[in-house]
S.K.: 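One structure follows; several queries about it will come next.
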Amino acid sequence: MTLTAFQRDVYKWVQQIPRGKVMTYAQIAHALGMPQAMRAVGNALNKNIFFDVPCHRVVRSSGNVGGYAWGTDKKIAVLRKEGVRVNGEYIDLKLYGARKHS
DNA sequence: CTAATGACCATTA
DNA sequence: ATAATGGCCATTA
């Protein structure tokens, strides 16, 4: 597996998300200096399965948990396990949104 | 090079 | 609340 520079940057940020907190795709894209690359971010995360990246802590801006390579239900399960309250498929970003830091 | 794809987003109805 | 639409971007075929 070869990683592109973009993917490395994405993983770099995702790894900084503390346990029990989440970050949105848009936030990460913004942190990379590409506020409109949220779609590409999701794409990059889709291939992280071989790496050690807590991709389950990345959700949609709407609060919806978003997708997951191994199934959305799995994603929700892991989040709950970390102490995140999940209502249906939604999360309260006010409570669990991680603040970005450089 | 071009074209298609997708773990998205904001707007609109 | 849901559904459809256009846009954006890196990656891959």
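Numbered from 1 within each chain, the chains take letters A, B, ... in sequence-line order.
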S.K.: How is A:Tyr25 classified with respect to the nucleic acid when contacts are heavy atoms under 4.0 Å: base, sugar-phosphate, or nothing?
M.R.: base

S.K.: I need the A:Asn87 CG to A:Ile76 CD1 distance, nearest 0.5 Å.
M.R.: 10.0 Å

S.K.: Can you check the A:Asn87 CG to C:dA1 C1' distance for me, whole Å?
M.R.: 16 Å

S.K.: Side chain of A:Arg39, heavy atoms from C-beta onward: which of C:dC9, B:dA7, C:dG7 has the nearest atom to it?
M.R.: C:dG7

S.K.: Check every strand shown and say whether A:Ala40 touches a base, only sugar-phosphate, or nothing at a heavy-atom separation below 4.0 Å.
M.R.: base

S.K.: Looking at every heavy atom in both A:Lys75 and A:Gly67, which two are closest together, and how far apart are they?
M.R.: NZ-O, 2.9 Å

S.K.: Between atom CD in A:Gln7 and atom C1' in C:dA10, what is the gap in whole Å?
M.R.: 8 Å

S.K.: Is there a residue in residues 61-71 of chain A whose heavy atoms reach under 4.0 Å of DNA chain B, and which residues are they?
M.R.: A:Ser61, A:Gly67, A:Tyr68, A:Ala69

S.K.: Is there any ring-ring contact (aromatic ring centres under 6.0 Å, His included) pair reaching into residues 70-95 of chain A, and which pairs are they, with sequence neighbours excluded?
M.R.: A:Tyr68-A:Trp70

S.K.: Enter the distance from A:Met23:CE to A:Ser61:OG here, rounded to the nearest 0.5 Å.
M.R.: 12.5 Å

S.K.: Between atom CG in A:Leu45 and atom P in B:dG6, what is the gap in whole Å?
M.R.: 16 Å

S.K.: Can you check whether A:His56 reaches A:Leu79 side chain to side chain, under 4.5 Å on heavy atoms?
M.R.: yes

S.K.: Provide, to the nearest angstrom, the distance between the NE2 atom belonging to A:His30 and the P atom belonging to C:dC9.
M.R.: 14 Å

S.K.: Are any non-hydrogen side-chain atoms of A:Arg57 and A:Glu82 less than 4.5 angstrom apart?
M.R.: yes

S.K.: Using both pair distances under 3.5 Å as the test, note the stems of at least 3 consecutive Watson-Crick or G-U pairs that include DNA chain C.
M.R.: B:2-6 with C:9-13, B:8-13 with C:2-7

S.K.: Does A:Val58 reach the side chain of A:Val22, with side-chain heavy atoms less than 4.5 Å apart?
M.R.: no

S.K.: Between C1' on C:dC9 and CG on A:Asn46, what's the gap in Å once rounded to a whole number?
M.R.: 15 Å

S.K.: Could you check A:Met38 against A:Lys47 and say which one's nearest nucleotide on DNA chain C is further toward the 5' end?
M.R.: A:Met38

S.K.: Nearest to the side chain of A:Gln36 - C:dT12, B:dG6, C:dC9?
M.R.: C:dC9

S.K.: How many Å lie between CH2 on A:Trp13 and C1' on C:dA10, as a whole number?
M.R.: 19 Å

S.K.: Please state whether the phosphate of B:dG6, meaning OP1 or OP2, lies under 4.0 angstrom from any side-chain nitrogen or oxygen of A:Asn43.
M.R.: no

S.K.: Just the rounded figure in Å: distance from C1' of C:dT2 to OH of A:Tyr90.
M.R.: 9 Å

S.K.: Rounded to whole angstroms, how far apart are CD1 on A:Ile28 and P on B:dC9?
M.R.: 10 Å

S.K.: Could you check whether any side-chain heavy atom of A:Leu95 comes within less than 4.5 Å of a side-chain heavy atom of A:Arg85, counting everything from C-beta outward?
M.R.: yes

S.K.: Would you give the length of the straight line joining atom CZ of A:Arg19 to atom NZ of A:Lys81, rounded to the nearest 0.5 angstrom?
M.R.: 8.5 Å

